[in-house]
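Remember, it's a predicted structure, so these values are computed and weren't measured experimentally. Every heavy atom of this structure was used, including side-chain atoms; hydrogens, water molecules and symmetry mates were not.
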Amino acid sequence: MTRLIEGDLVASTAGITIVVARFNELIVDSLLNGALTTLKRQGVQDKNITIVKVPGAFEIPLAAQLAAEQSDCAAVITLGAVIRGGTPHFDYVAGQAASGVTAVALKTGKPVVFGVLTTDSIEQAIERAGTKAGNKGADAAMTALEMINLIRKMA
């Protein structure tokens, strides 16, 4: 018989750290509100949530690593918004943020969820921060809860 292991959305009593980039704050604040609302709706208590603010998306991986290395941290949610401009700066920031977050998850063995928007326009970012395309911060929070529980089942 095939064995199936999957996570669920049961609230964790362990800590969840949300690393938030301040750059593009209007967009990122909506992502943060979506993540917090979702975590609380699922039963995560305020005392188990830590918010860490960093200047921009490029700084997210270092803060995420420091958070994930804490014994009381079960998962890290990263939130930011990188919007394409007229220079290649977007490619460097978005790419390094994504690969840095992945590296932290693999190094620490903890879920580090990539909730950083990488969009071509401000309109696309607004859509993904709570309008037409839902709220990607809320999606990141659900992913974190599911992964916490999945990892516990696999351990």
Give, for atom CZ of Arg41 and atom OG1 of Thr38, the distance between the pair rounded to the nearest 0.5 Å.
5.5 Å

Return the minimal non-hydrogen interatomic distance between Pro61 and Ala97, and the atom names on each side.
CG-O, 3.9 Å

Please report the shortest heavy-atom distance between Lys53 and Asp29, naming the atom on each side.
NZ-OD1, 4.3 Å

Taking the side chain as every heavy atom from C-beta outward, state whether Arg84 and Thr118 have any pair of such atoms under 4.5 Å apart.
no

With side chain to side chain contact (heavy atoms under 4.5 Å, CB included) as the test, pick out the partner of Leu117 among Ile27, Asn24, Val28, Val82.
Ile27

From CG (Leu32) to CD (Glu25), nearest 0.5 Å
10.0 Å

CZ (Phe58) with more than 12 external heavy atoms under 6.0 Å:
no

Cluster overlap Ile148 with Leu9, hydrophobic side-chain contacts below 4.5 Å
yes

Determine whether Glu59 and Val19 satisfy the following criterion, side-chain contact (heavy atoms from CB on, under 4.5 Å), listing intermediate values before the conclusion.
CA-CA 10 Å; Glu59 291 76 29; Val19 178; over 6 Å; no

For atom CZ of Phe23, is the number of surrounding heavy atoms from other residues, nucleotides or ligands below 6.0 Å larger than 12?
no

Are the side chain of Lys40 and the backbone of Asp46 linked by a donor-acceptor contact shorter than 3.5 Å?
no

Met147 with Phe114, same ILVMFWY side-chain cluster at under 4.5 Å
no

Where Ala140 and Gly115 come nearest, the two heavy atoms and their spacing
CB-CA, 4.3 Å

For Thr78, which of Val112, Leu31, Val52 qualifies under side chain to side chain contact (heavy atoms under 4.5 Å, CB included)?
Val112

When you compare the side chain of Ile77 with that of Leu39, does any pair of heavy atoms fall below 4.5 Å?
yes

Roughly how far, to the nearest 0.5 Å, is the CD1 atom of Ile51 from the CD1 atom of Ile16?
11.5 Å

Nearest heavy-atom approach of Ala68 to Cys73 is CA-SG, 4.2 Å

Met142 reachable from Val20 in the ILVMFWY side-chain graph, under 4.5 Å edges
yes

Side chains of Leu145 and Val44 in contact at under 4.5 Å (non-hydrogen atoms):
yes

Is any side-chain heavy atom of Glu69 closer than 4.5 Å to one of Lys110?
no

Do Val101 and Leu106 belong together in a cluster built from hydrophobic side chains that touch within less than 4.5 Å?
no

Kindly indicate whether the side chain of Leu150, heavy atoms from C-beta on, has any atom under 4.5 Å from the side chain of Ile5.
yes

d(Gln70 CD, Thr17 OG1) to nearest 0.5 Å is 8.0 Å

Is it true that, when you exclude Lys107 itself, more than 12 heavy atoms of the residues, nucleotides or ligands shown sit nearer than 6.0 Å to its NZ?
no

Where do Ala74 and Pro111 come nearest, in terms of heavy atoms and distance?
O-CD, 3.2 Å

Could you grab the distance from atom CZ of Arg152 to atom CG of Asn149, nearest 0.5 Å is fine?
6.5 Å

For the hydrophobic clusters of this structure (ILVMFWY residues joined by side-chain heavy atoms under 4.5 Å, transitively), does one cluster hold both Leu79 and Ile122?
yes

Are any non-hydrogen side-chain atoms of Gln65 and Val76 less than 4.5 angstrom apart?
no

Give me the atom names and distance for the closest heavy-atom approach of Asn135 to Ser30.
ND2-O, 2.9 Å

